[in-house]
Amino acid sequence: ERLLFTRDGKAFAAMEGTLSLKTPSLIRRLPALCGVMFCLGAALEYTMCKTGFYNVTAVKEGQKAAARQAEEEEFWMRVKARRETRQAQVTIRSDE
């Protein structure tokens, strides 16, 4: 056994040989982690589809797009009206 010290100065014995703690191998655990994360993602996706989350989101996005387009059309109508007004003010009328 070796004596190791923590930051606060306390000593503890570190096991050596077959009783020592092995450092975890990421390469060995990675396939299991990927499998678990895939299953969690699939479960989340299934839940979102079954609850209609995507339908609600699509409707809300459609409403936002329609509102944006209506605002844009209104803006261009005001621009066109202003241009026509200015054009009428600038046009020289000849009384012949």
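None of these values were measured; they are calculated from a predicted model.
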- Name all residues meeting the side chain to side chain contact (heavy atoms under 4.5 Å, CB included) criterion together with K64; count only those two or more places apart in sequence or in a different chain, and write none if there are none. E61, R68

- F53: hydrophobic cluster co-members (side-chain, 4.5 Å): L44, M48, Y54

- Note on the structure: Taken in chain and number order and not counting sequence neighbours, the residues that satisfy side chain to side chain contact (heavy atoms under 4.5 Å, CB included) with L40 are V36, M37

Result block: side-chain N/O donor-acceptor pairs under 3.5 angstrom for residues 70-80, not counting sequence neighbours:
none

- For T85, the side chain to side chain contact (heavy atoms under 4.5 Å, CB included) test, sequence neighbours excluded, returns Q89

Please tabulate, for the side chains in residues 28-35, all donor-acceptor contacts under 3.5 angstrom to protein atoms that are two or more places apart in sequence or on a different chain.
none

- In chain order, what residues pass the side chain to side chain contact (heavy atoms under 4.5 Å, CB included) check against T47, with sequence neighbours excluded? T51

